[in-house]
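Notes to accompany the following structure.
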Amino acid sequence: MKILVAVKRVVDYAVKIRVKPDKTGVDTQNVKMSMNPFCEIALEEALRIKEAGFAKEVVAVSIGPSQCVDTLRTGLAMGADRGIHVETNSSFLPLTIAKILKSLAEFENPGLIFLGKQAIDDDCNQTGQMVAALLGWPQATFASKVVLDKDKHVATVDREVDGGLETLCVDLPAVITTDLRLNQPRYASLPNIMKAKSKPIKKMTVQDLKVDVKSDIEILQVTEPPQRKSGVMVSSVDELIDKLRNEAHVV
Amino acid sequence: MMMMMMMMMQRLRRSEEFIRFGCKSLINLRPNKNSVSRSVSGFVNHYDTKGRLFESKNGNHYNTELHHRCLGRNLGMLQQYKCFGSSSASQIERNPLFSSLDSKDVSYFKEILGDKNVVEDEERLETANTDWMKKYKGSSKLMLLPKNTEEVSQILKYCDSRCLAVVPQGGNTGLVGGSVPVFDEVIINVGLMNKVLAFDEVSGVLVCEAGCILENLATFLDTKGFIMPLDLGAKGSCHIGGNVSTNAGGLRLIRYGSLHGTVLGLEAVTANGNVLDMLGTLRKDNTGYDLKHLFIGSEGSLGIVTKVSILTQPKLSSVNLAFIACKDYLSCQKILVEAKRNLGEILSAFEFLDNNSMDLVLNHLDGVRNPVSSTENFYILIETTGSDETNDREKLEAFLLKSLEKGLVSDGVIAQDINQASSFWRIREGITEALQKAGAVYKYDLSLPVEEIYNIVNDLRGRLGDLANVMGYGHLGDGNLHLNISAADYNDKLIGLIEPYVYEWTSKHRGSISAEHGLGVMKANEIFYSKSPETVAIMASIKKLLDPKGILNPYKVLPHTLFSH
């Protein structure tokens, strides 16, 4: 079985981001970029499944500008077998990404598609669900535990939902999106970094995949959230009650 | 007439004795022991003084006048102390010349500082009286919180006139007991002086008050695209004033140099309240003697630093961190040499830790895991900082892969994002914390030739056997070893085995017994292991020049015998 893992290149989680002065987006110049943490978890899970003997190949795919190759190299250094880079300078929204991944899936025929539950730059939490819908495959999102049954060709997945944990059983092929507590991703070790240099990264374009990238959504403006106003020190309980009653009108 | 001659002779002899820094052998030779019984028994001084001190010429009276004044007051007074390793602090005698605090003093301080900034509250004093390692505890009854240089000046002027001893205090993160009172010295904490005064985005010169916390300065600079030239584990609490006063080293010294190079100017207040404005922001200024260097590293004994002007570095975008494992110390050395050559201008940190340190951290800290899958004898952290991500990454990878092929490195990982990098640093920076949690710790900070660094660890291990756990880690790139001995509790037998063995070992290899931690109170009497008596004599003169009454941070930095009362 082949596993396809989608990895996204995003602004590093630890960076303090700033909005561009023209409000068209977040400033990504000279800012450290890394693999989306949830995508790392997705890749780690795929690698563990391969190491357990349930899969033969793990393919990492990334969609974006030329620097995505760095992200793919990280994936290869973690242990993925090969990479696919769909090169484009536009920044696509989840629906377009989902269409591209659908096209790739039809090309590669994986038994499982792993994605992070959301990207930390847009927090959309849509791509995995859309890919499953487009392909007509079952989906198990927010996975915190994945157990494969090779004979029955199913995956039993624990999902983290608002009310607690939900356990699903999905037929393969399926789409699984990963949540934080699924695993702790491995570090890229030197021997693996060395091996990664000889692993192939295939370049493709959206035209190759015959995907219509026209978007129905236009981003109008990106602004920072309003500044939190500083608190006011009160000198007595009476003053507090007075403020709550007459100014905030909550008492 | 004869009486006068006798007195003169006595004084001459005594002043010579002061010059001779209480060397045990000399004291025994003094013909007239009854006049001043100064028994310096147990003084651990193994500096080789064969014949050299005897050459002190009769005409060579260092500050004899001062000594006469001291003698005039102290005739007949018994000053006895024993130095016995780390517990020496408890064996020091309070200088009787220092006044004791009274209510008039407190009222005066309240007048100049306001009631809120004069602290007599026991709980707050408890914390201020105790050092970070919980090894030293003073009994000060008063802590002052000045808000500006003028207030510091007024405080010191008053204390000098009243002969009240003081302790300048910053973040209180020092590791040699230099930031807490020994007895009832008044604590002057500059924590309220925490403003950034100016920042020049072209030159990168930052001017700020001494009470600014290092991490806050780093955060401020981050928004401007700059970084501080120093970084250390205590950054969340330490003040820049304290860093400057102790000439803190840290993780970035290998790349940006020491504070003696990066501090462009400072403002300090001397013991009598004089404000010395040396707050230049110029990179080059060769006009006269560069006095600021006296204050950098003098641990608050020559003046209180109130403002600092420091050269910061542009924040470079590409930071890479590798955590590698090596089988033996020889490989570590070879990797250091290779790293300096192959990574050259982008190398920004080179730290090492041994297996015992790794074990300690894994056992005592939460959320920490060994980045390398196998346990090895040594681990090295190599950080590169440059402006070209791809170029730097390739350089680092190429260097590491070559080292792997040569067999110098047995395993290693490269951090893929900032989170991974932080977790690697957590291991190295967390060793100090883990040591605190593990029980009693004897901490030594030595500069040694790189090839000797691990020999002392092995020697000490053999010497202590099962009694304690010996750990070696530190700034390998700077030749600085942090030697730590962890035991269940403090005991005299252990200390006897460790000291003066460690100091003698270091002295034999012409190393420094305190690479970056300073002398404080812990090593105040050990300076002779690394400095000659002549140089120490001049240090004493400078101290007496700038602080004649000795009120600034007494009992610390220089040997007690120099200031006998």
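Within every chain, numbering begins at 1; the chains are lettered A, B, ... in the order of the sequence lines, protein sequences first and strands thereafter. All figures in this text were calculated on a predicted structure; none of them were measured in a lab.
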Step through the shown structure and confirm whether more than 12 heavy atoms of other residues, nucleotides or ligands are within 6.0 Å of NZ on K145(A).
no

How far apart are the closest heavy atoms of K197(A) and L401(B), and which atoms are they?
CE-CD1, 3.6 Å

At a heavy-atom separation under 4.5 Å, does P185(A) approach chain B through its side chain, its backbone, both, or neither?
backbone

Straight-line distance of R369(B) CZ to Y187(A) OH, nearest 0.5 Å:
4.0 Å

Taking all non-hydrogen atoms of both residues, which atom of G412(B) and which atom of P191(A) are closest, and how far apart?
O-CD, 4.4 Å

Count the heavy atoms of every other residue, nucleotide or ligand shown that sit under 6.0 Å from OH of Y13(A), and state whether that count exceeds 12.
no

Atom CG in L404(B), atom OG in S189(A): separation rounded to 0.5 Å?
9.0 Å

Could you name the residues of residues 14-28 of chain A that have a heavy atom within less than 4.5 Å of a heavy atom in chain B?
A14(A), V15(A), R18(A)

For D417(B) and M35(A), what are the C-alpha separation, side-chain angles and deciding distance, and is it a side chain to side chain contact (heavy atoms under 4.5 Å, CB included)?
CA-CA 8 Å; D417(B) 54 43; M35(A) 191 190 289; over 6 Å; no

Determine the sole option in V409(B), V413(B), V372(B) for which the side-chain contact (heavy atoms from CB on, under 4.5 Å) test with L190(A) is passed.
V409(B)

With side chain to side chain contact (heavy atoms under 4.5 Å, CB included) as the test, would you mind laying out the steps for E40(A) and Q420(B) before giving the verdict?
CA-CA 12 Å; E40(A) 256 180 22; Q420(B) 290 188 359; 4.1 Å; yes

Let me confirm one number: the CD-CZ distance from Q416(B) to R186(A), rounded to the nearest 0.5 Å.
13.0 Å

Toward chain B, the part of Q67(A) with a non-hydrogen atom under 4.5 Å
neither

First locate atom OG of S317(B), then atom CE of M33(A), and finally report the distance between them rounded to the nearest 0.5 Å.
12.5 Å

Measure the CG-CE distance between L400(B) and M194(A) for me, rounded to the nearest 0.5 Å.
11.0 Å

